[in-house]
Amino acid sequence: MTLMDPLGLEPALVEHGCAQPGLYRAFVPLFIQYYGRMHRCLDVNEYPGNAIRDFNAMALAFMDVVEDQHLPLERELLAEFGIDLSFDRRDPQRRAALTGTACYQNCYDRLTATVMPVVQMQSLSYGARLGR
């Protein structure tokens, strides 16, 4: 952990050989931010409905980006940061309630923007094998 990487994410990305480090650099802090917001609402006895909805929308947006871009889900990397995304994403009512929110769309767009094109991923992978 450093000032530039307070979560210690960079070594974990390398250790797990993460194919899309930019996506996980964006998602892990986003997850922690929304999770913290949800718990702050509960701690101060504030109605957490919107915070819970936004947290679920953010997590669904991440899973949709991974699925839509045909990316591997780095479960072990996420588990290292205490993140479990094993919720039911197929429930049509839940999907409709979450995908229609501004939070979902903002998170989806933000996370999609971090995904490297396949050609760039292959180039990085090739360079890594050559020891560059």
Side-chain angles (χ1 to χ4, degrees):
M1 285 188 240
T2 66
L3 191 54
M4 296 299 292
D5 183 21
L7 300 174
L9 188 54
E10 292 304 316
L13 292 170
V14 172
E15 177 185 330
H16 292 281
C18 184
Q20 287 287 338
L23 176 62
Y24 288 85
R25 278 185 200 109
F27 175 68
V28 171
L30 197 62
F31 182 94
I32 292 169
Q33 173 191 343
Y34 278 88
Y35 187 80
R37 180 176 163 226
M38 186 175 60
H39 275 277
R40 278 190 302 279
C41 287
L42 294 169
D43 289 345
V44 296
N45 292 325
E46 182 180 314
Y47 178 69
N50 289 341
I52 292 170
R53 181 204 62 215
D54 288 349
F55 174 77
N56 287 321
M58 174 273 311
L60 180 62
F62 172 76
M63 293 301 292
D64 285 351
V65 167
V66 169
E67 186 174 289
D68 292 350
Q69 300 289 328
H70 307 286
L71 302 172
L73 179 61
E74 306 282 353
R75 292 182 194 281
E76 290 178 7
L77 173 66
L78 294 173
E80 194 168 317
F81 293 92
I83 299 173
D84 177 12
L85 298 173
S86 59
F87 58 89
D88 179 17
R89 300 181 344 261
R90 303 288 176 221
D91 176 21
Q93 289 179 318
R94 183 176 188 185
R95 284 195 70 77
L98 296 175
T99 57
T101 65
C103 179
Y104 172 88
Q105 195 59 55
N106 290 338
C107 290
Y108 185 89
D109 293 345
R110 179 178 175 182
L111 293 169
T112 299
T114 67
V115 175
M116 282 189 290
V118 173
V119 173
Q120 189 177 0
M121 284 175 35
Q122 291 169 340
S123 172
L124 287 174
S125 173
Y126 179 74
R129 284 195 304 265
L130 293 176
R132 293 182 183 163

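These numbers come from the heavy atoms of this one structure, side chains and all, not from hydrogens, waters or symmetry mates.
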Just verifying a value: how many Å separate [X] [atom1] and [Y] [atom2], rounded to the nearest 0.5 Å?
{"X": "Leu98", "Y": "Tyr104", "atom1": "CG", "atom2": "OH", "answer": "9.0 Å"}
{"X": "Met38", "Y": "Asn56", "atom1": "CE", "atom2": "CG", "answer": "7.5 Å"}
{"X": "Cys107", "Y": "Phe27", "atom1": "SG", "atom2": "CZ", "answer": "9.0 Å"}
{"X": "Phe55", "Y": "Leu30", "atom1": "CZ", "atom2": "CG", "answer": "10.0 Å"}
{"X": "Ile52", "Y": "Tyr34", "atom1": "CD1", "atom2": "OH", "answer": "14.5 Å"}

Do you know the tightest heavy-atom contact between [X] and [Y]?
{"X": "Thr114", "Y": "Gln20", "value": "O-OE1, 4.1 Å"}
{"X": "Pro21", "Y": "Met116", "value": "CD-CE, 3.7 Å"}
{"X": "Leu23", "Y": "Leu111", "value": "CD1-O, 3.7 Å"}
{"X": "Ala59", "Y": "Leu85", "value": "CB-CD2, 4.0 Å"}

request  = Using a cut-off of 6.0 Å, state whether more than 12 heavy atoms not belonging to Arg89 lie near its atom CZ.
outcome  = yes
Contacts of Arg40 meeting side chain to side chain donor-acceptor pair (under 3.5 Å) (sequence neighbours excluded), chain-then-number -> none
Exercise. Does one hydrophobic cluster hold both Val14 and Leu71, with members joined at side-chain heavy-atom distances below 4.5 Å?
Worked result: no
Please list every donor-acceptor pair under 3.5 Å in which a side-chain atom of residues 74-83 meets a protein atom from a residue at least two apart or in another chain.
from  : atom 1 : to    : atom 2 : distance (Å)
Glu74 : OE2    : Ala19 : N      : 3.4
Glu80 : OE1    : His16 : NE2    : 2.7

**Q.** Intermediate values then yes/no, side chain to side chain contact (heavy atoms under 4.5 Å, CB included), Met58 and Gln33
**A.** CA-CA 10 Å; Met58 174 273 311; Gln33 173 191 343; over 6 Å; no
Are Arg37 and Asp54 close enough for a salt bridge, meaning some N to O gap below 4.0 Å?
yes
_Between the side chains of Asp64 and Arg95, is the shortest nitrogen-to-carboxylate-oxygen separation below 4.0 Å, so that they form an ion pair?_
yes
Parallel, tilted or perpendicular, as decided by the 30° and 60° cut-offs, for the rings of Tyr35 and Phe31: parallel
Step through it carefully: locate the ring centre of Tyr24, locate the ring centre of Phe62, and say whether they are under 6.0 Å apart. yes
